[in-house]
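Before any comments, here is the structure.
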Amino acid sequence: MEQKPSIPKGTRDFNPEQVAKRNYIFSTIKTCFETFGFQPIETPSFENSETLMGKYGEEGDRLIFKILNSGDFLSKVNNQLYADKNSNKITSSISEKALRYDLTVPFARYVVQHQNEIEFPFKRYQMQPVWRADRPQKGRFREFYQCDADVVGSESLWQEVEFVQLYDTVFDALGLKGTTIKINNRKILSGIAEVIGASDKLIDFTVALDKLDKIGEEKVKEEMLGKGIPQNGIDKLQPLFSLTGGFDSQIESLKQILSTSKEGKKGIEELQFINNAIQSLGLKTSTLQLDVTLARGLNYYTGAIFEVSAPEGVKMGSIGGGGRYADLTGIFGLKNVSGVGISFGLDRIYLVLEELGLFPETITKSTEVLFINFGDKEALFSLKAIKSLREAGVNSELYPDRITNGKHMKKQMNYANKRNIPFVVLVGEEEMNNSLYTLKDMKSGEQKKVSLDVLISSVK
RNA sequence: GUGGUUGUAGCUCAGCUGGUUAGAGCGUCGGUUUGUGGUACCGAAAGUCGCCGGUUCGAACCCGGUCUUCCACCCCA
């Protein structure tokens, strides 16, 4: 029975051109990572569930792809749980593995597990797919690649400074100008929550604040009130809503708001340190912007928080994110190892580069010379020439099927044409007898009979 | 998880209020051109109308379900 093939929701096939373009992004990022001193590691596509569960908040747990146990998985399920039909509780007994949700948590696991082999501070990068059981939409897939660079084992703020530079370097190398690197600090958010008497509602508070540019001041206040944040606290936020201007003037306003919060003041100090360094070092094409409403990845970040948005005019969610996590390895039993890292969203960067027409033309080139196949004798003769061409570093191939009854020449020429192969070589009986090759330039249509040496030098 | 949206030939899409053999362009294949591609002309093949069920004398069209696409919310790369 024939059935129409399909792939799961939120996944994609990539054709040769798309793969070439993706590889271009991969290799650009990889080169930048390595110039900054990062080394690659890889981790499995799936982890033990307990490694991942509970690290990304309640929402995150829901979006983790769980892998069903093999064998008779129902036999282990507690009868009571089964009768209750409680999906959450049953999940842990029928699924012990899950697809990785990001690269940061598996990395933390890796660090703890290999702590004795690692030389700290450890700078690693990782470019692998991650999976989320999300509903697809623009720039959002269920399988996508992240490119992460992290440093663990150092509390130095110079790392944050370097990561800002790394973002700038990568986007510059990709020709993507005008990205905004937004920065905030978890300590500032905690400080504000403390000042307004909502320390226990930090997450509700930041989630609401994060929506400021989307739903506006009034709606944000409504949401905060609805979450049980006291009115007099919200009133204290007033200077926050009117926070405008450059980095320095925003810092001044924050100093006023956070004058009574020790943690908040620490956050301000850190931001200032990073900003001062960046101002002094300069950025190529990106802009560093303080955004107090930035509240992403709250689950394990403790210091700086980064998010990168595409150049103005491109409608796309963030194309990168990251931050400082003081104790991510602590949950796996290794205390006092601070980490900081950033991530690039490959698939979204692809969409942005495509939309702005920033992919270089040269990256899709494949075969340079195609030999027409006139028959077995000619093919063997051609393959000798092809061998020399390949040794000279020229991508060459022989058309596999031979011309029969003098037909199919057209088909072979057409093949070269469709694949944008710039040169075609014809070797028939006449050429073989004279050890010559008819070289045709597909662009100009011109052709000439040449020796092997001339052939190689003409196409090189 | 919530709300909306989409699905007809390989691709992009027509198909009027349900009514014979479901169309076009592009592409594919063949020919004009048995050692020459891109252009032109001629011709051909190709569709379980996403899937399952229902209403009807009759369904691509109406109804229900399901999968898929895209979008917004939630959240996030």
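Keep in mind the model is a prediction, meaning the values are calculated, not measured. Letters go in sequence order (proteins before strands), and every chain restarts at 1.
Among the heavy atoms of the strands lying under 4.0 Å from A:K418 are primed sugar atoms or P, OP1, OP2 only; no base atom is included. Across all strands shown, A:G428 has heavy atoms under 4.0 Å from base atoms, whether or not it also approaches the sugar-phosphate. Backbone-only engagement by A:V207 is indicated by non-hydrogen atom pairs under 4.0 Å involving sugar-phosphate atoms exclusively. Nucleic acid contact for A:E446: none, since no nucleic acid atom lies under 4.0 Å from a heavy atom of the residue. Nucleic acid contact for A:N414: sugar-phosphate only, since backbone atoms but no base atoms lie under 4.0 Å from a heavy atom of the residue. A:G10 comes within 4.0 angstrom of sugar-phosphate atoms only, judged by non-hydrogen atoms across all strands, and of no base. A:G57 comes within 4.0 angstrom of nothing in the nucleic acid, heavy atoms only. Across all strands, A:K443 comes closer than 4.0 Å to base atoms (heavy-atom distances). A:G60 comes within 4.0 angstrom of no nucleic acid atom, judged by non-hydrogen atoms across all strands. Among the heavy atoms of the strands lying under 4.0 Å from A:L426 is at least one base atom, whether or not backbone atoms are also near. Nucleic acid contact class of A:Y145 (heavy atoms, under 4.0 Å, all strands): none.
Of the candidates B:rA77, B:rC29, B:rC71, the closest approach to any side-chain atom of A:K138 belongs to B:rC71. Nearest to the side-chain atoms of A:E59 among the listed nucleotides B:rA72, B:rG37, B:rC74 stands B:rC74. Between B:rG37, B:rU36, B:rA77, one nucleotide has an atom nearer to the side chain of A:F144 than all others, and that is B:rA77.
Between B:rA59 and B:rG54, the two P atoms lie 12 Å apart (nearest whole Å). A gap of 16 Å separates the C1' atoms of B:rU21 and B:rA60, to the nearest Å. Taking the C1' atoms as reference points, B:rC62 lies 10 Å from B:rU56, given to the whole Å. B:rA22 and B:rA46 are spaced 14 Å apart, taking the C1' atom of each and rounding to whole Å. Between B:rC61 and B:rG7, the distance separating the two C1' atoms is 14 Å to the nearest Å. Nucleotides B:rG58 and B:rU39 are separated by 48 Å at their C1' atoms, to the nearest Å. Rounded to the nearest Å, the gap between the P atom of B:rU69 and that of B:rC13 is 16 Å. When the C1' atom is used for both B:rU6 and B:rU12, the distance is 15 Å, rounded to whole Å.
Salt-bridge check for A:K440 with A:E446: failed, with every basic side-chain N at 4.0 Å or more from each acidic carboxylate O. For the pair A:E222 and A:K219, the salt-bridge criterion is not met [side-chain N within less than 4.0 Å of a carboxylate O]. Between A:D150 and A:K123 no salt bridge is recorded (no basic side-chain N to carboxylate O distance below 4.0 Å). Taking 4.0 Å as the cut-off between side-chain N and carboxylate O, A:R22 and A:D347 count as a salt-bridged pair.
A donor N or O paired with an acceptor N or O is found under 3.5 Å between the base of B:rU36 and the side-chain atoms of A:Q447. Under 3.5 Å, the side chain of A:E431 and the base of B:rG35 form at least one donor-acceptor pair of N or O atoms. Taking 3.5 Å as the limit, the base of B:rC75 and the side chain of A:R140 contain a donor-acceptor pair of atoms between them.
When the nearest nucleotides of RNA chain B are assigned to A:R348 and A:G445 by heavy-atom distance, the more 5′-ward of the two goes with A:G445. In this structure, A:K9 and A:D134 both approach RNA chain B, and ranking their closest nucleotides by distance from the 5' end singles out A:K9.
Distances shown here put every side-chain N or O of A:Q137 at or beyond 4.0 Å from the OP1 or OP2 atom of B:rC70. Proximity of A:K440 to the phosphate of B:rU36: no side-chain N or O atom is located under 4.0 Å from OP1 or OP2. Distances shorter than 4.0 Å separate none of the side-chain N or O atoms of A:K410 from OP1 or OP2 on B:rG38. A:K449 has no side-chain polar atom (N or O) that falls below the 4.0 Å cut-off from OP1 or OP2 of B:rG35.
You cannot call A:F374 stacked on the base of B:rG35; the centres under 5.5 Å and planes under 30° rule is not satisfied.
Protein atom CE of A:M442 is 8 Å distant from nucleotide atom C1' of B:rU36, rounded to whole Å. Atom CZ of A:F171 is separated from atom P of B:rA77 by 13 Å (rounded to the nearest Å).
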Residue pair A:Y300, A:T104: steps toward the side chain to side chain contact (heavy atoms under 4.5 Å, CB included) verdict: CA-CA 10 Å; A:Y300 46 70; A:T104 308; 3.6 Å; yes

List the atom pairs, with distances to 0.1 Å, where a side-chain N or O of residues 35-46 of chain A and a protein N or O form a donor-acceptor pair under 3.5 Å, not counting sequence neighbours.
residue: A:T35; atom: OG1; partner: A:C32; partner atom: O; Å: 2.7
residue: A:T43; atom: OG1; partner: A:Q126; partner atom: NE2; Å: 2.9

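Cation-pi geometry between A:R402 and A:F374 is not met: the NZ or CZ atom fails to fall both under 6.0 Å from the ring centre and inside 45° of the normal.
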